Every structure is written in structure tokens, then in C-alpha cells.
Amino acid sequence: MTAEEIDSATFRRALGHFCTGVTVVTGIDGRRPVGFACQSFAALSLDPPLVLFCPGRWSRTWPLIERSGTFGVNVLTAEQREISSVFGRSGEDKFAGLSWRPAPSGAPVLDGVLAWLDCTVEDVHDGGDHRIVVGRVQILGPTAESDPLLFHKGSYTTVAPDLAPAPQDFLTWDADDWL
């Protein structure tokens, strides 16, 4: 299929075969916590420690976070599907009934997450119908021992408990190829 023949639904369906983790990107708009669910999140660089995520161009929440120059990333556990659903919808108070605490930047850290990062906005690039946000990690929170919440082919999923662990020889792979 050529670029001219690729429609957005076909493209989304094909990329849905790539399993992603689920995060909630958070920030503070004045004194009000804001956030959105984001599966387009990735590590970018080890030195310096950079991450990236891609909010939609028409997101109403991202501009509120961007103004502060800082953001948090909350990596969700398999038990946090409902949190992902809440942050994936439009709505005023997504934090109602949730327990959270502020990271040093003020960005909300949701209780019970697998991991969290506190970041400053390093750069924002145009990415078609999305923005590409590069963030510099300022603080890494502690990690939890739990299964991650994953998204695959339009549905939530998690790791299969009966899969054998990955071989440890990945530690000897060329560091230029793997982050």
C-alpha cells in the first residue's frame, strides 16, 4: 500500500498490532491538577535522560500542561484500567476520588503507579496531527513490582504470566542499539 492509499483507520489498525504501555501525563494548571492518558510514550536518551510523548494536536489538556514547562508521567499497572479510561475521556475533574501527591514540580503522581517521572519540557516538535514532546527527566520515582497495563489491538491487556523470562544475554547487546 502506498502513502497515498493509506487512510487513518487502516493505519491505526496496523499500528494497533504494536503493543504499548499506558501512561497518564499530568501537570498543574495554576493550582488545578490536569492530565490525560497517553500510550505514545517512550524513552529517548539515557545521557541526558530524555523521554518523549505525543499528545494530539487538538488536545485541550496538553496546552495547559505545556504552559507550566513541567510534566509528570505515571506508568499504570494492570489494575489501573479504570484510571486510564477516566483520563482517556474528556471531562473536568479527572482527579475526583483519586489519591495523588505532587512531584517536586507540582505535577500529580498517582498513587499505586508502576513508576513515575518528573520532567521539564525540553522541546516540542510538529508531528502531523500530533505534537512530539521531548522531556528531560529531573526525578525518577521508585518503581513497584506489578504487571504493566498494556494496550494492544484496541483493548487493554497485560503480560502473560506463563511466558518464560527473556534471556539475560540482552545485557551484552550493543548499547547503541538498545535503550
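Given the structure is predicted, the values throughout are model-derived calculations rather than measurements.
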Full working for ring pair (Phe, Tyr, Trp, His ring centres under 6.0 Å) between Phe95 and Trp100 | CA-CA 8 Å; Phe95 289 85; Trp100 63 275; 5.7 Å; yes
Val113 and Thr77: side chain to side chain contact (heavy atoms under 4.5 Å, CB included), yes or no, with the steps?
-> CA-CA 6 Å; Val113 294; Thr77 69; 5.6 Å; no
Residues that Arg81 engages under salt bridge (charged side-chain N to carboxylate O under 4.0 Å, His left out), provided they are two or more places apart | none
Test of understanding: clusters of I, L, V, M, F, W, Y form through side-chain heavy atoms closer than 4.5 Å, transitively. Do [X] and [Y] belong to the same one?
| X | Y | answer |
| --- | --- | --- |
| Ile83 | Val109 | yes |
| Leu149 | Val73 | no |
| Val75 | Phe151 | no |
| Ile28 | Val124 | no |
| Leu76 | Phe87 | yes |

Between [atom1] on residue [X] and [atom2] on residue [Y], distance to nearest 0.5 Å:
| X | Y | atom1 | atom2 | result |
| --- | --- | --- | --- | --- |
| Leu64 | Asp29 | CG | CG | 4.5 Å |
| Arg131 | Asp123 | CZ | CG | 12.0 Å |
| Leu114 | Gln80 | CG | CD | 8.5 Å |

Passing candidate, side chain to side chain contact (heavy atoms under 4.5 Å, CB included) with Asn74, options Leu110, Val22, Leu117 = Leu110
List the atom pairs, with distances to 0.1 Å, where a side-chain N or O of residues 132-143 and a protein N or O form a donor-acceptor pair under 3.5 Å, not counting sequence neighbours.
residue: Arg136; atom: NE; partner: Glu122; partner atom: OE1; Å: 3.1
residue: Arg136; atom: NH2; partner: Glu122; partner atom: OE2; Å: 3.2
residue: Gln138; atom: NE2; partner: Thr120; partner atom: OG1; Å: 3.2

Any chance you could lay out the side chain to side chain contact (heavy atoms under 4.5 Å, CB included) test for Asp129 and Trp58, step after step, and finish with the verdict?
-> CA-CA 8 Å; Asp129 60 3; Trp58 296 277; 3.7 Å; yes
Would you check if Val24 and Thr26 make a side-chain contact, meaning some heavy-atom pair closer than 4.5 Å?
-> yes
Close side-chain approach of Val34 to Arg32, heavy-atom, < 4.5 Å | yes
Would a distance-only check, ignoring hydrogens and angles, find a side-chain to backbone donor-acceptor pair under 3.5 Å from [X] to [Y]?
| X | Y | answer |
| --- | --- | --- |
| Asp93 | Ala96 | yes |
| Thr158 | Pro148 | yes |
| Lys94 | Gly35 | yes |
| Ser59 | Gly56 | no |

Exercise: identify the closest heavy-atom pair between [X] and [Y]:
| X | Y | value |
| --- | --- | --- |
| Ala107 | Gly72 | CB-N, 3.4 Å |
| Cys54 | Cys38 | N-SG, 4.3 Å |
| Phe36 | Pro55 | CZ-CB, 3.9 Å |

Does a sphere of radius 6.0 Å around CZ in Arg57 hold more than 12 heavy atoms from other residues, nucleotides or ligands, not counting ones at 6.0 Å or beyond?
-> yes
Scan side-chain atoms only and decide if Gln39 and Thr23 contain a donor-acceptor pair under the 3.5 Å cut-off.
-> no
Give me the ring orientation class for Trp62 and Phe71: parallel if the planes are under 30° apart, tilted from 30 to 60°, perpendicular past 60°.
-> perpendicular
Please walk me through it: do Leu150 and Tyr156 pass side chain to side chain contact (heavy atoms under 4.5 Å, CB included)?
-> CA-CA 6 Å; Leu150 304 174; Tyr156 291 117; over 6 Å; no
